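Heads up: the structure comes next, in structure tokens.
In listed order, ligands and their atoms are each counted from 1. Because the structure is predicted, anything quoted here is derived from the model rather than measured.
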Amino acid sequence: MSRAVCPGSFDPVTHGHLDIIARASALFDEVIVAVGVNPSKRRLFEAEERLDMLGRACAGWRNVRVEGFTGLVTEFCANQGARAIVKGLRASSDFDYELPMAQMNFALTGVETVFLPTSTGQSFVSSSLVKEVAAFGGDVREFVPDFVHERLLARLAER
Ligand code: PNS
């Protein structure tokens, strides 16, 4: 069975992430969406909230499951029996950032990284931009699932 891991912080999940997850699910028998749970990093959403939103967003794919992880992504992949990491590339700047991580991860355990170019309609979408635009009152409805949009507005209203 071919198994791949899609790691990220998903704070919150966007249609850009879901585009990559959907395409990974068509390439591999099983895809594990791995939510980085690093308590030292400040996030808008707690790990449980990010996991919950991803679980809802991925419910339609039978070969996708969502897990939290701490520590090295390579160890998570080894523990899960995953031979590949899938990452989306929006622009060459993403490649510059991702290449050394892919090479380090391969050097550590031999896990491969598969890069998928994001669909053209999603190439400018990121969690950080969505949060920034929403914080200033911009309309980000088209970039995230509806239930994520509702939670995003509610969280920003609390601050
Ligand atoms: O969505 P993000 O913030 O780009 O996700 C980053 C993430 C969680 C994928 C990355 O920080 C990661 O893999 N963290 C686990 C720690 C690790 O393995 N670091 C070494 C990478 S070479």
Side-chain angles (χ1 to χ4, degrees), residues 2-25 27-28 30-58 61 64-119 121-135 140 142-145 147-149 151-152 155-156 159:
S2 64
R3 186 175 288 140
V5 164
C6 283
S9 45
F10 305 101
D11 186 39
V13 60
T14 68
H15 285 314
H17 295 129
L18 296 172
D19 165 49
I20 296 300
I21 294 165
R23 288 160 55 209
S25 80
L27 289 174
F28 294 91
E30 188 179 19
V31 171
I32 305 166
V33 181
V35 182
V37 178
N38 183 347
S40 68
K41 287 202 178 169
R42 271 185 64 103
R43 305 286 187 198
L44 185 61
F45 292 99
E46 298 296 333
E48 295 72 26
E49 296 175 299
R50 289 180 276 135
L51 282 158
D52 181 58
M53 287 188 278
L54 267 166
R56 269 185 81 172
C58 297
W61 295 300
V64 175
R65 64 186 159 96
V66 178
E67 304 273 353
F69 80 101
T70 54
L72 291 174
V73 70
T74 47
E75 286 188 9
F76 180 78
C77 290
N79 291 337
Q80 298 287 333
R83 294 179 54 197
I85 293 169
V86 175
K87 291 283 189 89
L89 293 181
R90 290 166 297 198
S92 56
S93 52
D94 278 350
F95 181 74
D96 291 343
Y97 176 70
E98 295 288 349
L99 179 62
M101 290 205 291
Q103 291 168 324
M104 175 60 82
N105 287 334
F106 183 80
L108 289 173
T109 62
V111 68
E112 296 284 5
T113 298
V114 175
F115 292 123
L116 296 180
T118 52
S119 300
Q122 305 294 334
S123 59
F124 57 93
V125 178
S126 67
S127 297
S128 41
L129 266 186
V130 162
K131 286 183 284 191
E132 181 174 334
V133 171
V140 294
E142 72 179 279
F143 310 123
V144 293
F147 68 90
V148 172
H149 185 249
R151 290 207 203 177
L152 179 58
R155 177 56 43 86
L156 292 171
R159 294 159 81 91

query = Where do Leu27 and Arg23 land on the side-chain contact (heavy atoms from CB on, under 4.5 Å) test, with the steps shown first?
reply = CA-CA 7 Å; Leu27 289 174; Arg23 288 160 55 209; 5.7 Å; no

ask   = Taking it one step at a time, do Ile85 and Val114 satisfy side-chain contact (heavy atoms from CB on, under 4.5 Å)?
value = CA-CA 6 Å; Ile85 293 169; Val114 175; over 6 Å; no

Show me the donor-acceptor pairs, under 3.5 Å and distance only, between side chains in residues 3-16 and residues at least two apart or in other chains.
unit_1: Arg3; atom_1: NE; unit_2: Glu30; atom_2: OE1; d: 2.6
unit_1: Arg3; atom_1: NH1; unit_2: Gln80; atom_2: O; d: 2.8
unit_1: Arg3; atom_1: NH2; unit_2: Glu30; atom_2: OE1; d: 3.2
unit_1: Asp11; atom_1: OD1; unit_2: Leu44; atom_2: N; d: 3.4
unit_1: Asp11; atom_1: OD1; unit_2: Phe45; atom_2: N; d: 2.9
unit_1: Asp11; atom_1: OD2; unit_2: Leu44; atom_2: N; d: 2.8
unit_1: Asp11; atom_1: OD2; unit_2: Lys131; atom_2: NZ; d: 2.9
unit_1: Thr14; atom_1: OG1; unit_2: Gly16; atom_2: N; d: 3.1
unit_1: Thr14; atom_1: OG1; unit_2: His17; atom_2: N; d: 3.2
unit_1: Thr14; atom_1: OG1; unit_2: His17; atom_2: ND1; d: 3.4
unit_1: His15; atom_1: NE2; unit_2: Val144; atom_2: O; d: 3.3

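Within the structure, salt bridge (charged side-chain N to carboxylate O under 4.0 Å, His left out) pairs that include any residue of residues 73-87 comprise Lys87-Glu98 (at least two apart or interchain). Listed by first then second residue, pairs satisfying ring pair (Phe, Tyr, Trp, His ring centres under 6.0 Å) with a partner in residues 69-92 read Phe69-Phe76, not counting sequence neighbours.
Side-chain contact between Val86 and Ile20 is present, with heavy atoms from C-beta onward closer than 4.5 Å.
Ligand 1 is surrounded by Pro7, Gly8, Ser9, Phe69, Gly71, Leu72, Val73, Met101, Met104, Asn105, each with at least one heavy atom closer than 4.0 Å.
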